[in-house]
K.L.:
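One structure, pasted below without further comment.
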Amino acid sequence: MIKAIIFDLDGVIVDTARFHFLAWKKLAQEMGIPFNEHDNERLKGVSRMQSLDILLGLGKVKLAKDRREALATRKNEWFVDYVESMKPGDVYRGVPELIVALKKGKYKIGLASSSKNAPRVVQLLGIEKKFDTIVDGSMIIDTKPDPEIFLLTAQRLNVDPSACVVFEDAEAGVEAAKRAGMKCVGVGSAVQLGKADLVIAKTADFQLELLNKW
Ligand code: BG6
Ligand code: MG
């Protein structure tokens, strides 16, 4: 029986996945590395430094640690600039209503984001109180596709992993949820998210009745 719903943040609750892409694209352009939305799929859900390493790998660029750290900081500054313009109305349409309906159904609600900016994003959106627990990138050692973040979220919700459903827009996130032994709803395209138990185009498309069947 499903007892908890765990949401990813970027690309599931709000369109910050776009801001991550734009900031990485800007860095790639500066460095002369070809980078498009298809390449960006590999960066979704993984940590900042791992994302940078994937980007540098695309350009076959090798750099020392301090230089890589400086580039990651630069990308983050651009990302934070985009984020600071966000307001409560930027939450994806229908998501607040979905969370209200889930709460009515007595499901516990968790947020599990690889982003170290997640606390600031939920604060700007005014949604921090909607979650029974929030786990962000600063609280884990291994990021998605490792299951650590989802297992920690389930533990904090005091729910067995097998009773959790994860909403994810990243291939790495779907893999992490499945490795955690959870059901997974992919938000986006079945091309990237085919390993999820269900793929929907938008978070708000989810039909609550399905939870009784899982
Ligand atoms: C994830 C995003 O939520 O957070 C990734 O999908 C991002 O694209 C990762 O790299 C880390 O984010 P941040 O804000 O800590 O750089
Ligand atoms: Mg995401």
Side-chain angles (χ1 to χ4, degrees), residues 5-28 35-58 68-86 90-92 95 110-125 127 131 134-150 152-153 165-178 180 182 184-189 192-193 195-196 199-203 206:
I5 312 298
I6 302 175
F7 289 96
D8 170 49
L9 176 67
D10 297 321
V12 168
I13 301 266
V14 65
D15 197 13
T16 33
R18 181 92 202 135
F19 295 157
H20 280 294
F21 170 66
L22 291 174
W24 286 125
K25 175 90 188 152
K26 200 165 169 173
L27 189 71
F35 181 69
N36 58 30
E37 300 225 25
H38 175 73
D39 303 320
N40 186 58
E41 288 301 321
R42 290 176 56 204
L43 275 57
K44 285 186 181 173
V46 304
S47 72
R48 195 178 309 162
M49 283 311 285
Q50 282 170 306
S51 298
L52 176 69
D53 288 344
I54 294 170
L55 184 80
L56 294 178
L58 288 169
R68 282 164 46 235
E69 274 168 4
L71 290 175
T73 300
R74 203 165 151 67
K75 178 268 171 179
N76 190 55
E77 283 165 0
W78 290 324
F79 177 73
V80 169
D81 274 352
Y82 292 128
V83 159
E84 288 299 324
S85 68
M86 283 192 321
D90 292 332
V91 174
Y92 280 139
V95 170
L111 187 81
S113 170
S114 305
S115 174
K116 291 181 176 161
N117 291 296
R120 178 67 181 145
V121 171
V122 292
Q123 185 189 31
L124 284 163
L125 296 173
I127 56 170
F131 301 99
I134 293 178
V135 179
D136 68 64
S138 69
M139 298 158 75
I140 49 164
I141 296 163
D142 296 314
T143 52
K144 304 163 188 176
D146 190 280
E148 181 184 355
I149 194 163
F150 293 131
L152 178 60
T153 308
V165 174
V166 169
F167 279 65
E168 256 298 342
D169 71 317
E171 197 173 348
V174 172
E175 188 181 330
K178 295 314 296 171
M182 301 177 178
C184 185
V185 177
V187 179
S189 155
Q192 278 94 31
L193 310 175
K195 290 192 185 135
V199 179
I200 52 179
K202 288 184 251 120
T203 309
F206 185 71

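First listed ligand is number 1; within each ligand, the first listed atom is number 1.
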K.L.:
What protein heavy atom sits nearest atom 16 (O) of ligand 1, and how far off is it?
P.N.:
R48 NE, 2.6 Å
K.L.:
Below 4.0 Å from ligand 1: does a non-hydrogen atom of L9 turn up there or not?
P.N.:
no
K.L.:
Under 3.5 Å between any N/O of D8 and any N/O of ligand 1: does that happen in this structure?
P.N.:
no
K.L.:
Counting heavy atoms only, which part of K116 comes closer than 4.0 Å to ligand 1: side chain, backbone, both or neither?
P.N.:
both
K.L.:
Between CG of D169 and CZ of F7, what distance do you get to the nearest 0.5 Å?
P.N.:
13.0 Å
K.L.:
Salt-bridged, K25 to E37, with N to O below 4.0 Å?
P.N.:
no
K.L.:
Looking at N117, which atoms of ligand 1 are within less than 4.0 Å of one of its heavy atoms?
P.N.:
13 (P), 14 (O)
K.L.:
May I ask you to say whether R74 pairs ionically with E77, meaning some side-chain N is under 4.0 Å from a carboxylate O?
P.N.:
no
K.L.:
How many angstroms lie between atom OH of Y82 and atom OG1 of T16, to the nearest 0.5 angstrom?
P.N.:
13.0 Å
K.L.:
Please report the interatomic distance CE(M49) to CZ(R68), rounded to the nearest 0.5 Å.
P.N.:
4.5 Å
K.L.:
Which atoms of ligand 1 have any heavy atom of S113 under 4.0 Å away?
P.N.:
3 (O)
K.L.:
Within ligand 1, which atoms have a heavy atom of L43 less than 4.0 Å away?
P.N.:
5 (C), 8 (O)
K.L.:
Suppose you place the vertex at the Mg ion (ligand 2); what is the angle out to D169 OD1 and D10 O, to 10°?
P.N.:
90°
K.L.:
Would you check whether S51 reaches within less than 4.0 Å of ligand 1, judged by its heavy atoms?
P.N.:
yes
K.L.:
Give the numbers and elements of all ligand 1 atoms closer than 4.0 Å to a heavy atom of V46.
P.N.:
5 (C), 7 (C), 9 (C), 10 (O), 11 (C)
K.L.:
Only heavy atoms of D10, strictly under 4.0 Å: list the atoms of ligand 1 that pass.
P.N.:
1 (C), 2 (C), 3 (O), 4 (O)
K.L.:
Among all the protein's non-hydrogen atoms, which is closest to atom 6 (O) of ligand 1, and how far away is it?
P.N.:
G45 N, 2.8 Å
K.L.:
With respect to the Mg ion (ligand 2), what is the nearest N, O or S atom of D8?
P.N.:
OD2
K.L.:
Please walk me through it: do N117 and V83 pass side chain to side chain contact (heavy atoms under 4.5 Å, CB included)?
P.N.:
CA-CA 9 Å; N117 291 296; V83 159; 5.7 Å; no
K.L.:
Measure the CZ-OG distance between R48 and S115 for me, rounded to the nearest 0.5 Å.
P.N.:
7.0 Å
K.L.:
Which one holds for T143 and ligand 1: side chain close, backbone close, both close, or neither close, with close meaning a heavy atom under 4.0 Å?
P.N.:
neither
K.L.:
To the nearest 0.5 angstrom, please state how far the CH2 atom of W78 sits from the CZ atom of F19.
P.N.:
16.0 Å
K.L.:
How long is the straight-line distance from CD of E168 back to NZ of K195, given to the nearest 0.5 Å?
P.N.:
13.5 Å
